[in-house]
Structures are given as structure tokens and as C-alpha cells.
Protein chains: 2
Amino acid sequence: MFTQECHSAGKRASLFVCVSQHAFTESFSEHSAYAGCMSTPAANARKLQKERTREALMNAALELSLDRGFAQVSLRQVSQAVGVVPSAFYRHFESMDDLGLALVERCFGTLRTMIRDAQRDPHVFENIIDAAATILVASVKASRADFAFVVRERVAGPEPVRAAIKHELDLFESELAMTLVRLPNIENWNSDDVHMLARLFVRNMQANAELAANMPEDRPDLEAQIHDLARREMMLIVLGFKDWRSN
Amino acid sequence: MFTQECHSAGKRASLFVCVSQHAFTESFSEHSAYAGCMSTPAANARKLQKERTREALMNAALELSLDRGFAQVSLRQVSQAVGVVPSAFYRHFESMDDLGLALVERCFGTLRTMIRDAQRDPHVFENIIDAAATILVASVKASRADFAFVVRERVAGPEPVRAAIKHELDLFESELAMTLVRLPNIENWNSDDVHMLARLFVRNMQANAELAANMPEDRPDLEAQIHDLARREMMLIVLGFKDWRSN
DNA sequence: TTCTTGAGTGAACACGCGTTCTCTCGTTTA
DNA sequence: TAAACGAGAGAACGCGTGTTCACTCAAGAA
């Protein structure tokens, strides 16, 4: 009994070193953006390591839900993918729902950053529709797992996750409405119509993001096709602006 | 051992009568449309009863997936809801995926029937947009579980189910394109543009169907709101037709 | 240097799952 | 009337699940 305990302890330790390295690599290679710029400086190595494992769990869950959908992914699968024992999961999240909510927050964080960066670029406003289509395709390409997660779990996720995504999308829609209301032909539409318009745009961006996120990788032709499709859709909708009479 | 066998056999028989009645009721009360008009007359009582149980299994799966999503519903849950033992499930479907495919087929069957009925009504063409919005809301109200199933499992379902729904929606889109191309301002658009337009419409119908299907029941105000929203969206898109120049 | 902390371990648990098998017994057929 | 059929019963199986618990053993604090 005693020898067995010694043996298992030794095995445990060496295994831990192994899985820690695994966690590192995964975290940095796949989502270096997050790992590098956390809000806390995380002075001591202990907290830093914990943060890394947490990120690794989130990345593993994101990747696993790509083919199965988040609700199909189990706590044990996520833990195993990271190289950690199931009970260790609870050091980071209360439940899988909790992890899901963290993922929603992170995804919309990157989304918002992208949009803010785009708005800062003055070049964008020269041809707003073309720019929007370009940004859409490029953004999805850069974080396809995030976009795929949002469009999928918006309808398929556990109820708390669905609610969180709905809330974020509503916010996004309201922000867009505030931008739209300053466009030439729209400035004196009533607020109901502006919201309807914002909805129309958000909805079609969602649909095109879904298309782009589920597109096979490294297919510049399909990419261009989706870009063009999105552009033409927005053009058609915009054409109706000047003749719009609320009723 | 012998007595136990006798006892359990007796219990079994009485239980079976009970669950059969349960299956009947559920089948007829919730989906009388299907139970009443099957293609086969099913002359003998044996086949009729089998068909009833099959319908009951499908209805139970449809209802259970309303709050959890189809992929979360287990073979045992469906069987229990119908009042049948899990192994009996296999008399009707090879697997849950198989049942899912049957559901897709049934849902699009009713959908197509509705559309065909609508096209037969000459009154519809007087104001096509208003009619479309009305039909959309009414159809969803009449078969909300079916519509909810389609919009949810299109992205959340098992891969075979997703593929089947995608195929049906593509068919629907092509059919709509053939109708659209005969509209006044569109007749000389190129086919790429017409398909783009059909996509835009299908997509927004999906989104509005999703809205209507997830709406709380017996809320005529919300119903009217969705109707109005769908109408205005289509109006706006239609407004752009006459100015459209492909590029 | 010694004490405390806490991320991760590993065993155990109760449970629900899909699948299989043999059996029952009313219905259909010959 | 007797034999065949087949929908459903019920028990058993091996497996993956979430959750709990006492534990180890480096890192950080005193």
C-alpha cells in the first residue's frame, strides 16, 4: 500500500509537468491574443498558470463545440483535452454553463474590438458598404471559431448562454441603429423604422457570418463570393432608402 | 421464479393497455393532421397501431426538443414519454438520427402544403407582401413546434439532420427564385441577382419565423408586431428593385 | 526557515445512456 | 382451429457522465 502510494505520487507529478506544457502550447498557439493582454498583470507565477489553464479550458471547449455543438461537449471531454483531471475543472468554472457564459463574453469582446478598430479607420467611410463586407469576411476569417460559436449557440446553446448572446446582439443592434440614424436618407425616419433597418442588417450580417464561418478554410474564391453577396445585399437594401415612406 | 414470471406478465399486459391509450391520445390531440391523413389506408389494426406509436414517438421527440434541443433528447426519454420501453423504439426507427430525419421530412411536408394552398388562393396576389406576412405568422402559429424545430436544428441538430434541412431550404430558395423572376421589376435581372434576392427573402422569413415560433402563446399584440415588421422589411427590399443595376 | 495556500490528483459514487437479448401474447394468416 | 408473426416487455450489459472527497506538493508569505 505504501509503495503504491509512492509510485502513484511519482507518476502523478511527471504527468502534471506534461499536461502543464500541453496547456501552455494550446493557449498560446491558438489564442495568443487573449493570453498576452489580460487585464491583470498577474505578477506571481501561480496566478499566471491558473489563468493559462482557464484559457486552455475555454479554447478546448470552443474547439470541441465546433463539430458537436457546445451542449454536446462534456466537462470530462474538455478537461481531458486540456490534460487535466475532471475535478480540477471546478477550480475554474462552476459548471459548463458557466464556461459557456465566459466564452460568450470573450467572443463579443473580440467582436467589439474589431468594430471599434474599423470605426477608427477614416478610409472606411468612403465606401461604407464595401468596407462592411470586407470587414465581415476578414473578421470571420480571423476568428472563425468565435463567430461559429455565437451563431450556433445563439439558438442551440443552454438557456443561460442563449440569453447572454441575445442580450449582446440586442446591444449591437441598438448601437447600429444609433449609427444608421445619421445617414443621409435616414436622418428623419422614425425610430421604429430605424430599428427595423438595424435588425435587417444585423440579421443579414449574422447569416453571412454563418456562411463564412462554416466555409472550408483556404478557399479565397468562396471568400470573395460571400463578400460580393453581402455587398450586393446591402446595396439592394440601401437603394430603397430614398423612397421609404413609413406606413 | 415461476410466480414472479406470472406476476410480471400480468402487470406487463395491463400496463400495455394503459400506455397504448396514452399513445393514442397524444397522437390525435396534438397532431391530428398527420394521424388522420396518412398515405396508407392501413386496413388492419396491427399496422394502424404501429403507425400510431410511430407518430407518437415523433411528436414526443418534437415536443421534448422544444426546450432542450433535439440533440439533447435521448432515445429513452422519447420512449418513456410515449409510454413504451426503450427497446421498442427500434421497431420504428434505427436511431435518433433516423427519427430526426423523419421529423424534417414531416415538417417540410406541412410547410409545402401551406405554401401550395396559399398559391392557389387568387386573393393572395392582390397584395403579395401583406399576404406573405400574414401567411408567415398564421403558419407559424398553426405549427409552431415544426417551425421551431427547423430553425433550431438547421444549425444545432446532428449532422444528417442539418444536411437534410439545408437541402430542403435550398430547394425552397430555388422555387422562390423561379417565382420572383416573373415579378415586374425583376424579369430581366440576371440569375445571380435573382438568387441573391431569393436568399435575402428566405433568410428573413427564417428569422421572422424564429421570432414568431419563440413568441409566448396567445399574444395577439406580439403577433401583429411581427407581422408588421416582416411586412415593412419586405417593403423596403422591394423598394430597391426598380433602381437595381447589377454590378 | 517554516507555515499556509490552492491547483491539480485520483478514487469513488450514483445515474442515465444506447444496445442486446429472450420472452410474451394478441393479431393475422393458412 | 392451429401456426406464424411481430409490437412491445423487461432484464442485463458496459460506458460516459457530473460531483464529492481526501490527498499531494510546489509556490508564496511569515
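What's counted below: heavy atoms across the whole structure, side chains too, no hydrogens, waters or symmetry copies. Note that the structure is a prediction, hence the values are computed from the model and not measured.
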Are side-chain heavy atoms of B:Glu210 and B:Asn214 found at a separation under 4.5 Å?
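A side-chain contact under 4.5 Å exists here.
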So, A:Arg68 and B:Glu159, do they make that salt bridge, N to O below 4.0 Å?
no
Options [options], nucleotide nearest the side-chain atoms of [X]:
X	options	result
B:Ala88	C:dT20, D:dT19, D:dG8	D:dG8
A:Ser74	D:dT17, C:dG10, D:dG10	D:dT17
A:Ser87	D:dG8, C:dT19, D:dT20	D:dT20
B:Arg46	D:dG8, D:dG18, C:dT27	C:dT27

Please state how far atom [atom1] in [X] lies from atom [atom2] in [N], giving the value in whole angstrom units.
X	N	atom1	atom2	answer
A:Arg76	C:dT9	CZ	P	13 Å
B:Asp97	C:dG18	CG	C1'	12 Å
B:Phe89	D:dA9	CZ	P	14 Å
A:Lys50	D:dA26	NZ	C1'	16 Å
A:Leu75	D:dT19	CG	C1'	9 Å
A:Leu57	D:dG18	CG	P	13 Å
A:Arg54	C:dG8	CZ	C1'	17 Å
B:Asn44	C:dG26	CG	C1'	13 Å

We want to know whether A:Arg203 and B:Asn208 form a side-chain donor-acceptor pair, criterion being a heavy-atom distance below 3.5 angstrom.
yes
Reading DNA chain D from 5' onward, which residue's closest nucleotide shows up sooner: A:Gln77 or A:Arg91?
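That would be A:Gln77.
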